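For reference, the structure discussed in these notes is given below.
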Protein chains: 2
Amino acid sequence: MTRTDLTREADAPARRADGDIRVAVSTVIFTLRRPRGDERAAVVLPLVRRTRDPFEGQWALPGGWLDATEGLDAAASRTLAETTGLSPAYLEQLYAFGAVDRSPSRVVSIVYWALVREDETRTEPQENVDWFDAESLPDLAFDHNAIVDYALWRLRNKVGYSRIAHGLLPDVFTLAELREVYESILGRRLDPANFRRQVESSDTLIPTDDFRTGSHRPARLYRYDREVELADRGPLDIRH
Amino acid sequence: MTRTDLTREADAPARRADGDIRVAVSTVIFTLRRPRGDERAAVVLPLVRRTRDPFEGQWALPGGWLDATEGLDAAASRTLAETTGLSPAYLEQLYAFGAVDRSPSRVVSIVYWALVREDETRTEPQENVDWFDAESLPDLAFDHNAIVDYALWRLRNKVGYSRIAHGLLPDVFTLAELREVYESILGRRLDPANFRRQVESSDTLIPTDDFRTGSHRPARLYRYDREVELADRGPLDIRH
DNA sequence: GCAAAAGTGTTCGTCTTACACCCATGT
DNA sequence: ACATGGGTGTAAGACGAACACTTTTGC
């Protein structure tokens, strides 16, 4: 089921009288794309090409209308899956955008941001969906350029005090792979020795007995400790 | 103009068909109330007593319906002024709450949080408005208890890395007064010597040539440096 | 003079950073 | 053997907590 037309923010499922306010849900979903060479991985995100006015032909964030029978989180998951086929490991509300002139009709967009592992993005290619480097986006529909900028800022901020890098990695990984995630997001090199000590002293990783072999000295594989409470969203995290 | 009835989340200005989603705006607005003795100041907030179902007679956050002709920030300012007469110095979006069962009808609430100085709260007393200690609230309407808990968490978090204490103080103040604000919010004593050095090295305060006299050694008065960029909300702060 | 708050100095332990160095493996 | 990334050691500087100490006022 491919319903890329769900990004039509200005066309309601059922037309309403003027003066009405409609609620949309959109998601900025990031993953890391590793280039062929040894260059640093790039932060990329999927966009959906609009097939109707306004902004027909331009790229926009995946999203859709909030359904009266679903909560906001559920709407974000559903519209993201319907437009791109993705099911993110990490999903969090970003901000509510509701300027009067952000769309020809009156739309309040509840925007989420999310992370997926690169291997999860290998779904069947969707029509009108493509991936873009977060650093060099084209002109997007609505206020979506500003929204992506804000989501990038939140991502870089949060990676410093939270363990969201988890959302970009498989179950087990080496410390070098974890460090590469941080380096790609922060855009700078980190000292491998100091990085190791920091994550080890944080007690959020469990070392396994397995090693990643294939090149030089084998590296120990780690997994995240599911028992560790994140508590980076305060009382909102009480939802298990 | 006292329109406390604007908190009626389940009564739209114009009734609509079932299945519709309405957008409300509410605000958690804090101030500090200094008790008579030398006890620490308490974090208090105003609530509005509901005059209609649902939750008739219970206390709720001040708020109202989003108007189609105004942005979200403007709606928060307007509904707060209409229900409580307050105009906060600091106002920031907190979170969008949209669980299906949070109200008998379908309401998405964009919630803001704000700070006012205590001297600004001396407006003419409004009907059905009262102030409550944030630590010991009664059972509120809707999910407003959880919302206040989250706002308190954000306040305590943000006071650590931002200069929001500004919003609770007059133009000029002593370092002891600034420290009292931090102590009240964080709920613990701070070392005066270390506190002084921290704020001085942060370069956000401008010392004046005036002193607060009246008790013991006079204390120098400071004011906030308006030139210092806050940048604690990332790209969203570009709004001057 | 004395109490009390304003303001300064100093020490100590922890965390960050930089970088030297050893270890284990594929080629 | 040697190149390379995995992993450990260590010293310098930054920073925060604790607290002794000096200064300046009201009484």
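Below, each value reflects all heavy atoms present in this structure, side chains not excepted, and no hydrogens, waters or symmetry copies. None of the values given here were measured: they were computed from a predicted structure.
- Separating the NE2 atom of B:His216 from the P atom of C:dG1 is a distance of 18 Å, rounded to the nearest angstrom.
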| task | Could you please spell out the steps behind the ring pair (Phe, Tyr, Trp, His ring centres under 6.0 Å) verdict for A:Trp113 and A:Tyr150? | result | CA-CA 10 Å; A:Trp113 72 285; A:Tyr150 182 49; 9.8 Å; no
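- In this structure, A:Asp191 places its CG atom 16 Å from P of D:dT10, rounding to the nearest Å.
- Put simply, CG on A:Leu221 is 13 Å from C1' on D:dG6, counting in whole angstrom units.
- When distances are taken from the side chain of A:Ala176 to each of D:dG6, C:dA18, C:dT10, the shortest belongs to D:dG6.
- Regarding B:Arg217, its CZ atom lies at a distance of 14 Å from the C1' atom of D:dG26, rounded to whole Å.
- Residues B:Arg212 and B:Glu177 are paired through a salt bridge, judged by an N-O separation under 4.0 Å between the basic side chain and the carboxylate.
- Following rounding to the nearest Å, B:Glu177 (CD) and C:dG7 (P) show an atom-to-atom distance of 12 Å.
- Taking atom CZ on A:Arg188 and atom P on C:dT16, their separation rounds to 12 Å, with Å as the unit.
- Taking the ring centroids of A:Tyr222 and A:Phe173, they lie at or beyond the 6.0 Å cut-off.
- Between B:Arg220 and A:Arg197, the one whose closest nucleotide on DNA chain C sits nearer the 5' end is B:Arg220.
- No side-chain donor-acceptor contact under 3.5 Å links B:Arg154 and B:Asn157.
- Taking side-chain N and O atoms only, B:Gln198 has no distance below 4.0 Å to OP1 or OP2 of D:dC15.
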